[in-house]
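See structure below.
Note: hydrogens, waters and symmetry copies are ignored here, and every other heavy atom, side chains too, is used. Within every chain, numbering begins at 1; the chains are lettered A, B, ... in the order of the sequence lines, protein sequences first and strands thereafter.
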Amino acid sequence: MQLEQMYQEIILDHYRRPHRQGLREPFDAETFHVNPTCGDEVKLRVKLSGAGPDAVVEDVSYDALGCSISQAATSMLTDLVVGRTVAESFTTLEAFQAMAQGRGQVEPDEDVLGDAVAFAGVARYPARVKCALLGWMAFKDAVARVTDSAAQTNGVKR
Amino acid sequence: MQLEQMYQEIILDHYRRPHRQGLREPFDAETFHVNPTCGDEVKLRVKLSGAGPDAVVEDVSYDALGCSISQAATSMLTDLVVGRTVAESFTTLEAFQAMAQGRGQVEPDEDVLGDAVAFAGVARYPARVKCALLGWMAFKDAVARVTDSAAQTNGVKR
Amino acid sequence: MTAVHTRTASALDVTKIRADFPLLARTVRDGKPLVYLDSGATSQRPRQVLDAERAFLEQHNAAVHRGAHQLAEEATDAYESARARIAAFVGADPAELVFTKNATEGINLVAYAMSNAALVDGDAEQFRLAPGDEIVITEMEHHANLVPWQELCRRTGATLKWFGVTDGGRLDLDTDPITPLTKIVAFTHQSNVLGTVNPVAELVRRAREVGALTLLDACQSVPHSPVDFHALGVDFAVFSGHKMLGPSGVGVLYGRSELLEAMPPFLTGGSMIELVHMETSSYAPPPQRFEAGVPMTSQAVGLAAAVDYLTEIGMDQVAAHEAELTRAAIDALDAVDGVTIIGPTDVVDRGGAVSFVVDGVHAHDVGQVLDDRGIAVRVGHHCAWPLHRRFGLAATVRASFHVYNTLDEVNALVDGVRAAQEFFGETR
Amino acid sequence: MTAVHTRTASALDVTKIRADFPLLARTVRDGKPLVYLDSGATSQRPRQVLDAERAFLEQHNAAVHRGAHQLAEEATDAYESARARIAAFVGADPAELVFTKNATEGINLVAYAMSNAALVDGDAEQFRLAPGDEIVITEMEHHANLVPWQELCRRTGATLKWFGVTDGGRLDLDTDPITPLTKIVAFTHQSNVLGTVNPVAELVRRAREVGALTLLDACQSVPHSPVDFHALGVDFAVFSGHKMLGPSGVGVLYGRSELLEAMPPFLTGGSMIELVHMETSSYAPPPQRFEAGVPMTSQAVGLAAAVDYLTEIGMDQVAAHEAELTRAAIDALDAVDGVTIIGPTDVVDRGGAVSFVVDGVHAHDVGQVLDDRGIAVRVGHHCAWPLHRRFGLAATVRASFHVYNTLDEVNALVDGVRAAQEFFGETR
Ligand SMILES: Cc1ncc(COP(=O)(O)O)c(C=O)c1O
Ligand SMILES: Cc1ncc(COP(=O)(O)O)c(C=O)c1O
C-alpha cells in the first residue's frame with residue numbers, strides 16, 4: 001500500500017482538525033477558486049499589513065469544500081504564511097508548487113517547506129496535484145489583488 | 001486490361017461524335033445538373049407532345065461538360081428516348097439506373113436498354129456511376145418539371 | 001485484494017469475453033490486477049475492433065467520397081458499410097446517420113444548425129429560434145447536453161428551461177416546463193450519474209403535443225441496451241463510439257430524414273458542398289451535408305466492428321448482465337453503513353452507473369483508496385455539476401460497468417469502500 | 001507496367017521507408033503493384049504509427065483529463081505528451097495547440113468563435129465582425145478555407161474579398177484586397193492543386209499593417225517541409241493528421257497564446273468548462289476551452305508517432321526528396337505533347353502537387369486509365385472549384401507525393417498518361 005506515503009499522518013491531522021478555518025474580518029482581498037474536474041472549492045481571505053514584498057501576512061481565513069488533500073493543504077498553508085512576509089510566503093509557495101508539480105522528481109527542501117514536505121507523496125498522483133494547490137493558488141491570487149490595487153492607488157502601471 | 005470492357009467501342013463513338021448535341025428551341029423544361037465530386041455538368045432541355053405517361057418525347061437537346069462516360073451516356077439517352085412515350089423512356093431510365101448502380105450484379109436486359117447495355121462495365125466502378133447517370137437524371141428531372149407544371153395547370157395537387 | 005474471477009449468474013461467458021480485451025489483462029499500482037469500473041467515462045476495446053481498424057489501414061486506406069481509384073472505392077465502401085451497420089444497430093436508415101467526432105459535436109451540430117436557420121428560408125424555418133421561444137432540458141443532463149443549449153439561447157435570445165429531478169433520482173415529470181413556446185426538448189436517455197432511464201415515450205408525446213422537436217442523448221443507453229430510434233420516435237439522437245467498445249474520435253448524430261433534409265449545415269468545407277463559387281455555395285444532401293472535410297474513416301470502420309461484436313453477444317444479454325452487476329453493487333453498497341447511493345436503488349428503468357458518497361470521506365479520497373487497490377472508478381461531478389448541486393454535493397464516486405465486468409469486481413469495489421472508511425476513520 | 005523500384009537520387013533510403021508502410025505492398029486491379037500518388041488527399045501510415053496507437057489502446061486507454069485512477073493518469077500523460085511533441089514539430093508551445101477532428105474543424109472553430117465574439121465583451125472584442133468589415137482569402141483556397149468564411153460573412157454581414165491567381169499559378173499580389181477594413185486574412189501555405197507555396201512573410205506583413213489577423217492553412221505544408229509557426233508569425237494555423245502519415249480523425253488548430261486566451265469557445269460541453277450552473281457557465285483556459293467532450297485520444301498519440309517518424313527522417317530530407325520527384329514529374333509531363341501543367345513549372349516556392357490536363361481526354365478518363373494500371377491519382381476539382389474555374393477547367397488530374405514515392409513511380413505516371421492519350425486518340 002502506497003496510501004500511507006501519500007496520506008501522511010500530519011495531512012490527516014490537518015484534514016480532521018483544520019487550522020484557521022472559517023471566514024474572518026477584517027480582510028484586504030477575497031478569492032474564490034474551484035477545481036473544475038471535481039467541483040472542489042475554496043473561498044479565501046487575506047489580511048496584510050504594510051506594503052510591497054515586506055508586507056506581513058496578518059491573517060488567512062477560508063471556507064473550503066474538498067478532499068483531504070485540498071483541505072489539509074489549505075490548513076497547513078495558513079501555518080506557513082501567517083506572520084511571515086509576502087516575500088517569504090511566496091518563496092514557500094513556489095517551492096510547494098514546484099514539489100507538487102514535480103511528479104516525484106523534485107527533492108523537497110524541508111527548510112523552506114516545513115511540514116508541507118508531507119505533500120511530497122501527492123506529486124506522484126498528477127490528478128491530485130490540483131487538490132494540493134487549490135488553497136495555495138487562491139492565496140497567491142488574493143495577495144496579488146491586494147498588491148495590485150495598492151500599486152494602482154499609487155498610480156503605478158503594471 | 002479491363003479498360004476495353006468499360007470503354008466499349010460504341011461508348012467511345014458516342015463520346016467522339018455525340019448525337020443531338022447543343023441546346024435547341026422549342027422546349028418545355030430545362031435542367032442543370034452537376035456532379036459535385038468532379039465538377040462535370042449538363043444543361044438539358046426536353047420537348048414533349050401530349051400529356052401524362054403517353055406524352056411523346058419530341059426532342060432532347062443538351063450542352064454538356066464532362067468525361068467520356070457522361071457525354072456518351074447523355075448522347076445515347078437521346079437515341080433511346082426521343083420519339084418514345086414518357087412511360088417507355090422511364091422504363092428504360094429505371095433499367096439503366098438499376099444496371100449502373102448494380103455494382104456488376106444486375107444482369108442488364110438488352111430488350112429494354114438497347115445500346116445502353118454497353119454501360120454495364122461502368123457499374124463495376126462506383127466512382128463512375130454518377131458520370132453515367134448525370135444526363136439521365138437531368139432528363140428525369142426535366143420531364144418531371146413538365147408533367148408537374150401540367151398537373152398544376154390542370155389544378156391537380158401533387 | 002479480491003482475486004478477479006468471472007463468477008456471474010448471467011448467460012454470458014465473461015471469461016471468454018475478457019480474453020478479447022488486451023487492456024483488461026494489465027496490472028496497475030505495483031502489480032495489482034486492474035478492476036476497470038469506469039466504462040461510463042470510456043470503455044475498453046476488444047481485439048476485434050483493433051484488428052478491424054488496422055486491417056482497413058493496412059489494406060484499404062484512402063480519402064473517401066473523393067477519389068476514383070480502387071483504394072478510394074474500397075475505402076468509401078468500408079465507410080458507407082460501417083454507416084449502414086451502425087444504422088441497423090440503432091434502428092435507423094443509413095442516410096439518417098451523420099458521423100461526428102463525439103456525441104458532444106452532434107449536439108453542437110443541432111444547436112448551431114438551429115441558429116444558422118436564421119440565415120436560410122424555406123424548410124429550414126422550422127429550426128429557427130427567436131426571443132420568447134423556449135428550449136427544455138433536464139437537471140440531470142451531462143454538460144454536453146446543457147452548455148450547447150445555454151449558448152444557443154445566448155445566440156438567439158431563446159430561454160432555457162428544465163425538468164427537475166426527484167430526491168429519488170427520477171425525472172420530476174410534475175415540474176414539466178414544456179409549453180407551446182417550446183421549440184426543442186433535449187434529454188438524456190440514461191443518466192451517466194444516477195443510472196436513471198428516462199420515459200422517452202412520455203417525453204416525446206409531450207414534445208409532439210406542442211410541436212417541439214426532441215433530441216435524445218443516447219450516450220449511456222446505446223452502449224448498454226437495445227435501442228431503436230425509429231421505435232422511440234425521437235427526432236435527433238447522439239452517441240459516442242468510445243463508450244461502446246469502439247474507437248475514440250467518432251460519434252454519431254441521428255436525425256429523421258425529413259429533418260436532416262431541411263436542416264442547414266454546421267461545419268462547412270470539402271465534401272459537404274454541391275456547387276462552390278467565390279461568392280456563394282450550395283450544399284450536398286444529408287448525410288454528406290454535415291460531414292465537412294476528410295472524415296474519421298478508420299474510426300467509423302472500428303465502430304462498425306464494435307457494433308458487430310455487441311450484436312454477436314446480443315444487446316439483451318449485455319443489458320441483463322449489467323443489470324445483474326448493478327443489482328449486486330446497489331445491494332452491497334446500500335448495506336455499508338455511511339454509504340449513500342445517489343440515484344434509484346431499484347433496478348427498474350435503471351442502467352449500470354452507480355454513484356455514491358461515503359460519510360466523512362471525500363469522493364476523491366475514496367477514489368484514491370480504490371485506485372491503490374487497482375480499482376478504477378470516476379470521482380467528481382462526472383460532467384453533471386448542476387445535478388450534483390441539486391443533491392447538495394460537489395462530488396460522488398461512480399462505478400460503471402460493461403459487458404466485461406464481473407461480480408467479483410463488484411465485491412472488490414465494496415471491499416475497497418470499506419477500506420476507505422477504515423483508512424479515513426477517526427479511529428485510525 | 002513499369003516495375004516499381006526505388007531509384008532516387010536523394011539521400012533517403014526509400015526502400016527501407018516503403019517497408020514501413022504495409023499498404024504500399026498491396027496490389028490493385030488484378031495483381032498490379034500499387035503506385036500511390038494521392039498523398040495530397042490522404043497519406044498512408046507507417047507501422048510505427050499503427051503500433052503506437054495500438055500500444056496505447058492495449059495498455060493505457062482511459063478518458064483523459066477526467067479520471068483520477070492510474071490508467072486515466074497514463075492516458076492524460078500520453079495525450080499531453082503528444083500535444084507537446086506535435087507543438088515542437090511546428091514551432092509552437094503546447095498550450096497553443098488545440099486538437100480538432102481535422103483541419104476543416106479548425107478553420108470553422110475560428111470562424112464560429114469570431115461570430116460568437118458578438119456575445120462577449122472584453123478581450124473577445126478583437127474578434128468581432130460587423131457589416132462593413134472584410135475577410136480576405138485567395139482564389140486558390142481549398143473549400144475548407146473558403147466556405148466557412150462565406151458562412152461567417154452571412155452570419156455577421158462582413159464582406160468576402162480575395163487575392164487573384166496569375167496565369168502561372170502564383171498568388172497575384174497586385175490584386176491585393178487588404179484594406180483597413182480587413183479583419184482577417186486566411187490563406188493557404190501551399191496550394192493543394194498548384195503546388196504553389198505562398199509568400200507568408202509578405203502576407204503577414206500586409207495583414208499586420210492594417211491590424212488584421214492571419215490564418216494559415218498549413219494542410220499541405222506541414223506534412224512535406226519544415227514549418228515553424230512562431231517564425232512565420234501567423235496568428236492561427238491548421239493542419240490534418242491524415243495527410244502527414246498520421247491517423248484520420250485528428251487535426252490541429254494553432255493559435256497564438258494571447259489570441260486563444262481571448263477567444264470565446266466554439267463547441268461546448270464537458271471538459272471545456274470552469275463552472276457550470278443551469279443558467280450559465282464559464283470556460284476553462286485554452287487549449288481545454290476548445291476541446292469539448294472526450295477527445296481523439298489514441299489519434300493524438302498516433303499523430304505524435306507520425307511526427308516522431310518524420311523527425312527521424314528529417315523534414316529537410318522529406319522536402320528534398322519530394323522536390324526531386326516534383327522536378328522529375330514536371331519535366332516529364334511537360335515533355336508530353338498535349339499535356340498542360342496547371343501551376344508553376346519551376347520548383348522554387350513550390351511543393352509536390354502536380355496537376356495537369358490532357359488535350360481531348362477528360363481528367364476522369366485519364367484517371368481511369370491510370371487506375372487500370374495500378375496508379376492512384378486524384379481527378380476532379382480537388383475541393384478547389386473556384387480555382388479550376390479561374391483556369392477555365394472543371395477537372396484536372398493531380399499526382400501528389402510523399403516520402404515513400406519513387407522516381408520509377410513518376411515514370412509509371414508519365415507512361416500511363418501516354419497510354420490514356422493513345423486509348424482515347426481518334427486513331428484507335
Ligand atoms: C489545402 C487544404 N486545406 C484544407 C484541407 C482540408 O483538410 P481536412 O479535410 O483534413 O479537414 C485540405 C485537404 O483536404 C487541403 O489540401
Ligand atoms: C450522458 C452523456 N452525454 C454526453 C456525453 C458526452 O460524450 P462525448 O464526450 O463522447 O462527446 C457523455 C460522456 O461523457 C455522457 O455520459
Okay, C:L146 and chain D: the region with an atom under 4.5 Å from a heavy atom over there is side chain
Scored by heavy-atom pairs under 4.5 Å with chain D, the best of C:E139, C:H382, C:M272, C:E279 is C:E279
If one checks every heavy atom of C:E141 against chain D at 4.5 Å, the contacting part turns out to be neither
Taken to the nearest 0.5 Å, the spacing of D:N61 CG from C:T42 OG1 works out to 5.5 Å
Review point. Does D:S240 reach the side chain of C:V294, with side-chain heavy atoms less than 4.5 Å apart?
Key: no
If you apply the rule side-chain hydrogen bond (donor to acceptor under 3.5 Å, both in side chains), what do you find for D:Q150 with C:T280, and how did you get there? CA-CA 7 Å; D:Q150 292 178 338; C:T280 178; 5.5 Å; no
Okay, D:E58 and chain C: the region with an atom under 4.5 Å from a heavy atom over there is both
Max heavy-atom pairs within cutoff under 4.5 Å with chain D, candidates C:F99, C:F21, C:W149, C:Y112, goes to C:Y112
Pair count under 4.5 Å, heavy atoms only, with chain C: among D:Q299, D:H381, D:K243, highest is D:Q299
- Flag side-chain contact, heavy atom, 4.5 Å: D:V28 against C:E74: no
Applying a strict 4.5 Å limit to non-hydrogen atoms, the region of C:L119 in contact with chain D is both
What class does the angle between the rings of D:Y36 and C:H69 fall in, given that below 30° is parallel, 30 to 60° is tilted and above 60° is perpendicular?
perpendicular
Applying a strict 4.5 Å limit to non-hydrogen atoms, the region of D:H277 in contact with chain C is both
Ranked by heavy-atom pairs below 4.5 Å to chain D, first place among C:L275, C:I107, C:V379 goes to C:L275
- Quick one: do D:K101 and C:E105 make a salt bridge, cutoff under 4.0 Å? yes
The interface call for C:P148 against chain D, heavy-atom contacts under 4.5 Å, is both
Practice task
Taking the side chain as every heavy atom from C-beta outward, state whether D:R47 and C:R54 have any pair of such atoms under 4.5 Å apart.
Solution key: yes
Rounding to 0.5 Å, atoms CD1 (D:I375) and CD (C:Q70) come to a distance of 13.5 Å
Heaviest contributor of heavy-atom pairs below 4.5 Å to chain D, chosen from C:V147, C:T297, C:L370, is C:V147
Under 4.5 Å to a heavy atom of chain D? For C:T159 that would be neither
### Task
Indicate yes or no: at least one non-hydrogen side-chain atom of D:R26 is less than 4.5 angstrom from one of C:L71.
yes
Looking only at D:H60, D:E53, D:Q368, the option with the highest number of non-hydrogen pairs under 4.5 Å against chain C is D:H60
Do C:R389 side-chain atoms and D:V276 backbone N/O form a donor-acceptor pair below 3.5 Å? yes
Could you tell me if the side chain of D:M296 sits less than 4.5 Å from the side chain of C:N102, heavy atoms only?
no
Note: vs chain C, highest number of non-hydrogen pairs under 4.5 angstrom among D:S271, D:P386, D:A63, D:A118 is D:P386
Residue from D:A300, D:S115, D:G249 scoring the most non-hydrogen pairs under 4.5 Å with chain C is D:G249
Honestly, the part of C:L160 sitting under 4.5 Å from a heavy atom of chain D is side chain
Counting heavy-atom pairs under 4.5 angstrom with chain C, the leader among D:H143, D:H242, D:M278, D:E151 is D:M278
Whatever's closer than 4.5 Å to a heavy atom in chain D on C:N116 counts as side chain
Applying a strict 4.5 Å limit to non-hydrogen atoms, the region of C:H142 in contact with chain D is side chain
request  = Determine whether D:R45 and C:S298 make a side-chain contact, defined as any pair of heavy atoms from C-beta on separated by less than 4.5 Å.
outcome  = yes
Whatever's closer than 4.5 Å to a heavy atom in chain D on C:D38 counts as side chain
Honestly, the part of C:S43 sitting under 4.5 Å from a heavy atom of chain D is backbone
Whatever's closer than 4.5 Å to a heavy atom in chain D on C:L109 counts as neither
Q. Are C:E73 and D:R29 close enough for a salt bridge, meaning some N to O gap below 4.0 Å?
A. yes
Contact check, side chains of D:L23 and C:L57, non-hydrogen atoms, under 4.5 Å = no
CZ of C:F56 to OG of D:S248, rounded to nearest 0.5 Å, is 7.0 Å
Under 4.5 Å to a heavy atom of chain C? For D:I137 that would be side chain
Counting heavy-atom pairs under 4.5 Å with chain C, the top scorer among D:A292, D:A41, D:P247 is D:A292
Cut-off 4.5 Å, heavy atoms of chain D, and the answer for C:V250 is neither
| query | Are C:N108 and D:F266 side-chain neighbours, meaning at least one heavy-atom pair lies under 4.5 Å? | reply | no
